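Quick notes on the structure that follows.
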Amino acid sequence: MKDRALATVLHRARVGSMVLVRLGVPGWRSARPGQFAMLQAEGSGCFLPRAFSVHAQREGSSDGSEVSFLIAPIGAATDELVALSPGDRVWALGPLGRGFDILGELPRHGAPGGSGRLLIVGGGVGVAPFVLALERLREIAAASTGGAHSEVLLLFGFRDAVQADALTLFEPAVAALRAEGVPVHLEGICEDGSLGRPGLVTKLLEEHARSGDAVIACGAHAMCEAVWDICLRTGDGLDAWFSLEAGMACGFGSCLGCVMPMADGVLARVCREGPVFSGREVFGEARHPCAAPDAGGGGS
Amino acid sequence: MNDAHDATVGSGANAPSRTPHGLATRLGPIELSHPIINASGTLDLFEVAATLADVDEAAAAAFLADPPVAAYVPKTVTPHPRPGNPPPRILETAGGMLNSIGLPNGGIEAFVTRELPRLLSLPCPVILNVGGFARDDYVEVAAVLRVALEEALGEAHEEALGEAHEAVVVGASWLSRVGLELNVSCPNVHTGCMSIGSDRDETAAVVAAVREEWPGLLLVKLTPNVTHVVPIARAAAEAGADGLSLVNTFKGLALDRVSLKPYLGGVTGGLSGPAIKPLALRIVYEVRAAVDIPLVGMGGVGSVQDVLEFLACGASVVAVGASGFRDPWKPRTLAVELEAALEARSMALAEVIGMAHE
């Protein structure tokens, strides 16, 4: 975070049931994959901003950077944001939080005990942070002296074909990573079967996960729990990191509203200690038979 | 809501960083460069600084060297550590937000070792906020804080009262630098606190007992969740309070939209934000008419118009609460705007205070 900036909408594009909003943000400091920003339409009828993962960014001049957010309209605040037109303004505070900072450290090709494979699991609007993650992986591959990931698999789950339009957002970043010599597999599945067989993203993960893989994931809490469960079943070497979501008032550690219980019982702030946590931190080593906490009613 | 206002003012690096002139005021022995502070639990200066430091160490240092508040009120400290309430803890509601945070804190021992030193390193006065579950809790915490402050800054010297900035020199009186606010009004804990502040005699007893231990500024933050605030306000003043903070949040309930069960982990919560402004204004107005000690007004403050209205109702200091969540620089912005607003009215700060009663 640098300061709260009045950003300008540069571009707005409908992507299935979601909207990609590109903002020109003055003073923006480069976000790491998984970091987020608090956004609120100027003149909003809502009281608080909402948290959104940074989808993509392009470093800019002194006038600001171009920063994109993938927004699903699920309530009053997101309805306002997706209805904006170029030239409209948005209060933006970010980047905030701890992202997928482990991307540069994950076991890569030839690492002991590691497969060198990275599985990226997203559900619905939870795919948002992974364009930035692919860009980071491309940087790692470009800078690497033979230690890039042996393969990157993007496994995305959607409700229906309309929501699955979001797959198109990943094609340029996937091509760029392939161009660095990293094999990339992109696969989507829909609950209603409109991409072939019906199912949840966890079905894809079960098919592909192998011992020694690393997983990064973002989606509903129930999805994250199920992903971790698969990790525990698949073998000791499989590790995972999750970007979690919680209603928050500030995004910078003041309100203590976004706490979530970790496996050891301690409450961690999603905004500061997260939003990215390791599976061990959040869920612990034990299998998790319990249902996810109710995710409804919160942020909109 | 008050967002229309945001369009015309910058924030953060864009916000005017100068200290407004002509707004100097005081709260008992504590001199304030302007009348805008924060409400306890709504702004953590050190967390803002840590977040700034993620990208810019210099910006973090600059933030702490010139905080956006005239005095800083940290989160409530209680005698023993508390984890706070189970999540979910907050929900936006029409015109504001409902919270059930539940006073998470490390307890007074950790507060004295870890929090107090960095609080005393701030260039602005601090008003320490104390919560408890029984009368003795408040007395115990006040006594521990007094000892710690005397150790850190030297014994209190009455003669230093009123000498601006004198206390910043180590060894001088801390009375002009550190105050105490008794939180007898948190709606999110099940015993003590609000149940003390809802009772006139209990409030008076707590205030009188703390008064024995605490020589400095003593504020009492009252709950609006009673039929009549005035008798409690009067009792607190008669028991030795130097000022009253009005008001804490309004107890409320929100349901999950799907399950139709209480949404918050603590079931009920405290309502804040623009929705409560008229309710808070009414209480400040009534208490001002009945009690003659300084008032810190708060409840839905988000614009300079809100500040003017709380001042006019009789507050001499105004606190920004939930609005600070979306903009931690808000108090400074409002102070700068207040200066302009007073100039536009050709009025001094003191002339506005209480003018709704004339």
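Fair warning: this is a prediction, and the values are worked out from it, not measured in the lab. Note on naming: letters A, B, ... go to the chains in the order of the sequence lines (proteins, then strands), and numbering restarts at 1 for each one.
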So what's closer than 4.5 Å to chain B heavy atoms on A/Arg98: side chain, backbone, both or neither? neither

Salt bridge check: are B/Arg332 and B/Asp66 linked by an N-O gap of less than 4.0 Å? yes

Under 4.5 Å heavy-atom distance to chain B, tell me which part of A/Ala246 shows up: side chain, backbone, both or neither. neither

If one checks every heavy atom of B/Ala322 against chain A at 4.5 Å, the contacting part turns out to be both

Options A/Arg269, A/Met260, A/Met38, ranked by heavy-atom pairs under 4.5 Å with chain B, top entry: A/Arg269

Does A/Phe36 reach the side chain of A/Cys271, with side-chain heavy atoms less than 4.5 Å apart? yes

Side chain / backbone / both / neither for B/Ala50 at chain A, heavy atoms under 4.5 Å: both

Classify the angle between the aromatic ring planes of A/Phe100 and A/Phe130 as parallel (below 30°), tilted (30 to 60°) or perpendicular (above 60°). tilted

Euclidean distance, B/Ser40 OG relative to B/Asn248 CG, rounded to 0.5 Å: 8.5 Å

With rounding to the nearest 0.5 Å, note down the distance linking CG in B/Asn105 to NE2 in B/His80. 11.0 Å

Quick one about B/Thr51 and A/Arg272 (side-chain donor to acceptor, distance below 3.5 Å, no hydrogens or angles considered), yes or no? yes

Is the NZ or CZ atom of A/Arg4 both under 6.0 Å from the centre of the six-membered ring of A/Trp91 and within 45° of that ring's axis? yes

Is A/Leu48 close to chain B through its backbone or its side chain, or both, or neither, when contacts mean heavy atoms under 4.5 Å? both

In terms of heavy-atom pairs under 4.5 Å with chain B, the winner among A/Cys255, A/Pro49, A/Pro95 is A/Cys255

Is B/Leu52 close to chain A through its backbone or its side chain, or both, or neither, when contacts mean heavy atoms under 4.5 Å? both

Proximity breakdown for B/Lys261 and chain A, heavy-atom pairs closer than 4.5 Å: neither

Per-residue contact mode, A/Leu267 against chain B (heavy atom under 4.5 angstrom): side chain

